[in-house]
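Below, all heavy atoms of this structure are taken into account, side chains as well, without hydrogens, waters or symmetry copies.
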Amino acid sequence: MNEQTNEAANEEAANFQKIWMETMSKTMQAAFTFTPGAPAPEVLRQIRSGIFQALADSWEKFMRSPEFLESMKQWMEQAVTFRKTTNDFLGKVRHEAQAPSCDDVDTIMLAVRHMEKRLLDRIEQLSAQVNGSKPARTKGPTRSMKQPLSAKRKARTTTKSPPP
Amino acid sequence: MTNTTAPINFWIQWQEAALKESVAFTRKMTRVPTFWERVQSIRKGVTPSEVVYEEDRLQLLHYPGKGKPRYPTPIVFIYALVNRPYILDLKIGRSVVANFVDRGFDTYLVDWGVPLAADRHLTLDDYINGYMANVMDYVCERTGASQVNVLGYCMGGTMSTMFTALHPRRVKNLILLAAPIDFATKDSLLNVWTRAENFDVDKFVDTFGNCPPEFLQAIFLLLRPVGNLIEKPINFYERMENDQFVEDFITTESWLNDNIPVPGEVYREFVKYLYQKNLLTQNQMPVGKHIVNLKQITCPVLNIMAGADDLVPCSQGMPLTDLVAAKDRKTILLEGSGHIGLAIGGKAQKEVWPQACDWLAQRSH
């Protein structure tokens with residue numbers, strides 16, 4: 001187990017070293033191929049962008065590594081736990097104050113959506129029965145509800161200000 | 001003699017350079033207070049438009065253009081749910097929308113609006129078979145056309161693909177812009193991070209409800225940490241005195257920081273069914289009661305991708321060409337361009353959009 005870990009670590013280190021060796025050699029090449037006529041800042045920019053490229057490559061490699069993925073997972077779990085605790089606490093405070101909490105609103109929303117879905121499914125079935133034995137599919141599939149959520153279709157025309 | 005003057009000259013030169021640099025720094029810093037004013041003056045969408053249809057938080061924008069449309073089939077732009085859609089109409093000379101409007105297309109853009117906590121239960125079914133289907137119906141009713149052209153960008157491209165597969169008779173031509181289709185690839189960090197073993201999307205959505213915009217922003221920032229946190233500020237500092245550059249920078253950054261929450265259930269479905277199970281390419285993607293079969297797409301398809309896209313790499317969009325049953329299909333790959341550059345980049349405006357307009361014009365009669 002230890003050997004495997006060491007091997008992986010060595011491989012990581014070798015990859016990291018390779019990226020930087022390549023960068024440094026590119027940087028040196030840029031510096032030595034610098035001709036007196038060429039503007040100096042351009043060479044410096046090339047060197048800088050080489051270093052940034054190497055940095056970016058190292059980061060990319062690191063962000064794909066199991067260590068990073070594991071720490072990201074742990075961090076996410078902590079964030080979720082913290083949020084859950086906060087939600088629970090705020091929910092309790094609201095309940096104590098006899099006010100509805102987010103959870104209560106969510107429960108109502110979900111109940112309304114389920115009711116809406118059941119109702120629209122039933123309407124679809126009835127519509128299919130009226131139209132014949134098969135559901136009408138001329139326009140392709142419909143959402144479980146056939147009408148817009150709030151049936152709020154408006155042909156309102158609000159002109160946005162044209163550019164100066 | 002030479003030996004004694006050389007160090008003195010070097011010292012004088014160094015002093016001069018340091019003085020020049022401090023003067024330049026001071027000059028640059030005097031411009032900082034004006035930036036806030038510039039941020040405030042940024043307009044979200046430059047082409048004149050009107051809201052012609054509303055449903056819940058959705059608004060459908062119509063771009064009247066100059067004179068009557070030259071083509072009978074209207075085009076509807078579908079943008080992603082993670083950002084605001086004005087990236088497609090960001091600046092004069094950098095607007096995808098303007099390209100189509102100027103060519104005489106009857107152009108519409110769907111603005112999904114900003115979801116509230118109560119919208120956490122909205123699903124892909126609501127968006128694709130609900131809102132999108134209603135918008136297409138409305139556009140057909142308004143224009144008298146029997147079909148519409150659809151252009152989908154990023155996540156909006158994936159949704160447009162699903163819509164076209166589920167409603168093949170409603171779409172005349174499909175244009176996809178950096179649309180992720182095959183999620184099996186590991187080229188993007190996003191694909192690695194969202195794998196089931198690394199990310200528990202159920203726990204996340206159950207706790208947070210909608211996916212918070214700050215979370216999305218942090219993730220997008222982390223995709224290129226060196227570029228976003230080191231190179232970008234340095235480039236900005238160096239070119240602070242170039243008014244055009246500053247304007248472009250502020251406009252783009254304002255849009256980039258204008259993330260919006262993604263409805264929780266949509267986020268869950270997108271991560272679970274696409275990023276984790278890659279169901280779309282297997283023709284097993286569920287949308288409500290229906291299953292998306294990409295072989296149902298028979299209309300002409302134009303697939304536009306960016307060669308240096310770190311969010312949606314080519315390997316994620318390219319497979320679509322072989323997955324659809326369309327005979328008329330074309331791919332445009334813009335080398336060296338990134339995800340946003342594909343829409344607002346100068347190269348894209350010169351090379352891609354005139355080509356895309358030509359392609360659509362030939363197929364819109």
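Nearest heavy atoms, B:V226 versus A:F52: CG1-O, 3.7 Å. Of all the heavy atoms in A:A79 and B:F208, the pair that sits closest is O-CZ, 4.1 Å.
Residues B:L222 and A:M72 have side chains not in contact (no heavy-atom distance under 4.5 Å, counting atoms from C-beta outward).
Taking CE from A:M63 and CG from B:L189, the interatomic distance works out to 5.0 Å, rounded to the nearest 0.5 Å. To the nearest 0.5 angstrom, A:E77 atom CD is 7.5 Å from B:D200 atom CG. Atom CE in A:M76 sits 5.0 Å away from atom CZ in B:F204 (nearest 0.5 Å).
In this structure, B:K295 places its NZ atom where more than 12 heavy-atom neighbours from other residues, nucleotides or ligands lie under 6.0 Å away. More than 12 heavy-atom neighbours from other residues, nucleotides or ligands sit within 6.0 angstrom of OH on B:Y237. Counting non-hydrogen atoms of neighbouring residues, nucleotides and ligands closer than 6.0 angstrom, the CZ atom of B:F236 exceeds 12 such neighbours. Shown here is B:K232, whose NZ atom has more than 12 heavy atoms of other residues, nucleotides or ligands within 6.0 Å.
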Decide yes or no on salt bridge (charged side-chain N to carboxylate O under 4.0 Å, His left out) for B:D126 and A:R113, but give the supporting numbers first.
CA-CA 11 Å; B:D126 293 316; A:R113 275 187 71 84; 2.6 Å; yes
What verdict does the salt bridge (charged side-chain N to carboxylate O under 4.0 Å, His left out) test give for A:E124 and B:K289, after you've listed the backbone C-alpha separation in whole Å, the side-chain angles of each residue and the deciding distance to 0.1 Å?
CA-CA 13 Å; A:E124 201 174 347; B:K289 292 183 290 187; 3.0 Å; yes
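Within the 4.5 angstrom heavy-atom criterion, only side-chain atoms of B:E238, from C-beta onward, approach chain A. Within the 4.5 angstrom heavy-atom criterion, atoms from both the backbone and the side chain of A:L110 approach chain B. Interface remark: B:I234 contributes side-chain atoms only to the contact with chain A (heavy atom separation under 4.5 Å). Only the side chain of B:F199 comes within contact range of chain A, with heavy atoms under 4.5 Å apart. The contact between B:R120 and chain A is made entirely by side chain atoms (from C-beta outward), counting heavy-atom distances below 4.5 Å. Within the 4.5 angstrom heavy-atom criterion, no atom of B:N228 approaches chain A. Both the backbone and the side chain of A:V80 come within less than 4.5 Å of a heavy atom of chain B.
By the salt bridge (Lys or Arg N to Asp or Glu O under 4.0 Å) test, B:E269 pairs with no residue at all, sequence neighbours left out.
Looking only at heavy-atom pairs under 4.5 Å with chain A, the residue among B:L223, B:V192, B:N198 that has the most is B:N198. Heavy-atom pairs under 4.5 Å with chain B were tallied for A:K84, A:R64, A:M109, A:E60; the largest tally goes to A:R64. In terms of heavy-atom pairs under 4.5 angstrom with chain A, the leader among B:E197, B:K203, B:H121 is B:H121.
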